[in-house]
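To keep things clear, I will list the structure first and then write my remarks on it.
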Protein chains: 2
Amino acid sequence: MAAARANNRSRTAERILDIAERLVQTRGFNAFSYGDIARELGITTASLHYHFPGKAELGEALIKRYAQRFSGALGRIDKEMPEAVAKLRAYAGLYAEELAGKRMCMCGILAAEYQTLPEAMRGEVIRFFDDHQRWLAGVLAQGQSQGKLRLAGSLEEIAEGIISTLEGAMLIALPYGDTARFDSTTSRLLAALRA
Amino acid sequence: MAAARANNRSRTAERILDIAERLVQTRGFNAFSYGDIARELGITTASLHYHFPGKAELGEALIKRYAQRFSGALGRIDKEMPEAVAKLRAYAGLYAEELAGKRMCMCGILAAEYQTLPEAMRGEVIRFFDDHQRWLAGVLAQGQSQGKLRLAGSLEEIAEGIISTLEGAMLIALPYGDTARFDSTTSRLLAALRA
DNA sequence: GTCTATAGGCAGATAGAC
DNA sequence: GTCTATCTGCCTATAGAC
């Protein structure tokens, strides 16, 4: 999942987002500060406020950019992979990549901190999961009509379950620093869906 | 899962733990302060330091008590339920109870914050998951020999997958404030294991 | 056990010069 | 765009009286 920059944001703003993104995904939104970013970037916190008025706005931009990058990846998967099972595997692969960098899914970690988030960020977290659920339900429908997946019940619920399982597998893999934990749960999940 | 107090801790210390427990499970370890507890308890933060020297020690006590309560619950499940499927359902029920109180599993939320935790707390988080995995693997073995579960591959890995799925389902249910999301994923998980 | 008083540090944020 | 200077508030923590 490569970087795809098409905003009218400055280079500095992008670097701020890069650093903040890593900090959120590894420590959580409440466990990093403007000071952390400023130190790493070699500027002052006052300068940070020029690019993002406050932490809430920074957080909002963070999720939006993250979600957009995922959207792009999902679009590419749709274009490049004809088969549902391959799509699901690729989807899980997106999370595996993050985990390889010792990062939790941003929206997963924000879900854990949900009650403490500024309103604007909450909406974006929900939207992220809704979008993925919709995309997954579509893939499931396709796999079902292709005869590649054997599914019982609501596709939306199955999609929810897939997201839950992947997020949970990432979450538990974190303390163990162990990608294998994620991989085995993922393969098992896919195997259970296959016809 | 009722409270089971058998420590030589004071009543105040237990009340501190009760409040802190709720705060951790709803906001995370990094998003609550001694001040929050003090305000709610009607004493000063200085007094808090008498009972728990620092936030790290409080955190450690918090996980230990939580894990102990779970241990007790697992023991009761073993004693009261002869059948593996019922045990698994009861296990999932423990998490459902927490979620009904709008709480995330303590160790699940601490997993998300793992990188920022004091060393002593990290060990306890790992131990929690290890213990549950061992217990679940035992239940799976029993269900298999009873002919009630149809399992392929490593029981330890399946146990890992169960924990991941339950934690993930809780995590995603949080932003939606929706217990149904957890329940549907849970039933689906159990159905997939049944013979 | 609980208090007052206090410390030092860091948080997010703003004003205004350059 | 970035800086210095500054603010207010909160954080964890300690000393010592009661």
Side-chain angles (χ1 to χ4, degrees), chain A residues 5 7-63 65 109-110 113-122 124, chain B residues 5 7-24 26-63 109-110 113 115-122:
Chain A
R5 306 279 150 73
N7 285 289
N8 34 2
R9 259 196 294 260
S10 71
R11 231 175 269 97
T12 303
E14 291 290 346
R15 288 179 65 201
I16 292 169
L17 289 174
D18 290 340
I19 295 170
E21 182 172 283
R22 197 197 67 242
L23 291 171
V24 171
Q25 291 189 259
T26 53
R27 307 177 52 85
F29 189 71
N30 292 316
F32 83 92
S33 68
Y34 265 39
D36 295 327
I37 303 172
R39 204 171 309 119
E40 192 169 332
L41 199 51
I43 63 174
T44 63
T45 59
S47 300
L48 252 42
H49 282 282
Y50 167 81
H51 297 280
F52 299 95
K55 209 184 170 187
E57 289 81 6
L58 171 59
E60 213 184 324
L62 230 29
I63 313 181
R65 191 182 71 155
I109 205 161
L110 292 178
E113 300 180 288
Y114 195 75
Q115 309 241 42
T116 71
L117 298 182
E119 256 303 308
M121 291 182 67
R122 296 192 184 183
E124 294 299 325
Chain B
R5 306 278 149 73
N7 286 287
N8 34 3
R9 259 196 293 260
S10 70
R11 232 175 266 100
T12 304
E14 290 290 348
R15 289 179 66 200
I16 292 169
L17 290 174
D18 290 341
I19 295 170
E21 183 173 284
R22 197 196 67 242
L23 290 172
V24 171
T26 52
R27 306 176 53 84
F29 188 72
N30 293 314
F32 82 93
S33 69
Y34 264 39
D36 294 327
I37 303 173
R39 203 171 308 118
E40 192 168 334
L41 199 51
I43 63 175
T44 62
T45 60
S47 301
L48 251 42
H49 283 282
Y50 167 80
H51 297 280
F52 299 96
K55 208 184 171 187
E57 290 81 6
L58 171 59
E60 213 184 325
L62 229 30
I63 313 182
I109 206 161
L110 292 178
E113 300 179 288
Q115 309 242 39
T116 72
L117 297 182
E119 254 304 306
M121 291 182 68
R122 294 192 187 183

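Keep in mind it's a predicted model, so treat the numbers as computed, not measured. Letters go in sequence order (proteins before strands), and every chain restarts at 1.
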Residues within residues 25-42 of chain A bordering DNA chain C, heavy-atom distance below 4.0 Å: A/F32, A/S33, A/Y34
Contact under 4.0 Å: A/T12 side-chain N or O vs D/dG1 OP1/OP2: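 Checking D/dG1 against A/T12, no side-chain N or O comes under 4.0 Å of OP1 or OP2.
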If you check every side-chain atom of [X], which of [options] has the closest atom?
X     : options               : result
A/T45 : C/dT2, D/dT14, C/dA13 : C/dA13
A/S47 : C/dC3, D/dA13, D/dT2  : D/dT2
A/H51 : C/dT4, D/dG1, D/dC3   : D/dG1
A/A46 : C/dG1, C/dT4, C/dA15  : C/dA15
B/K55 : D/dT12, C/dT2, D/dC3  : D/dT12
B/T44 : C/dT2, D/dT2, C/dC3   : C/dC3

Using atom [atom1] of [X] as one end and atom [atom2] of [N] as the other, report the distance to the nearest whole Å.
X     : N      : atom1 : atom2 : value
B/L23 : D/dC11 : CG    : P     : 12 Å
B/R15 : C/dT2  : CZ    : C1'   : 14 Å
B/Y50 : D/dA17 : OH    : C1'   : 16 Å
A/L48 : C/dG12 : CG    : C1'   : 11 Å
A/H49 : D/dT4  : NE2   : C1'   : 14 Å
A/R9  : D/dG1  : CZ    : P     : 13 Å

Could you pull out the closest heavy-atom pair between [X] and [Y], with the gap in Å?
X     : Y      : value
A/I37 : A/A20  : CD1-CB, 3.9 Å
A/N30 : A/K55  : CA-NZ, 4.2 Å
B/V24 : B/I109 : O-CD1, 3.5 Å

Side-chain donor/acceptor of A/R122 to backbone N/O of A/Q115, under 3.5 Å: yes
Donor-acceptor contact below 3.5 Å, side chain A/E113 vs main chain A/F29: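 Between the backbone of A/F29 and the side chain of A/E113 there is a qualifying donor-acceptor contact (under 3.5 Å).
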Over 12 foreign heavy atoms within 6.0 Å of CZ, A/R15: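 Not more than 12 within 6.0 Å, no.
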salt_bridge(B/E14, B/R11) N-O dist < 4.0 Å: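 Salt bridge absent between B/E14 and B/R11.
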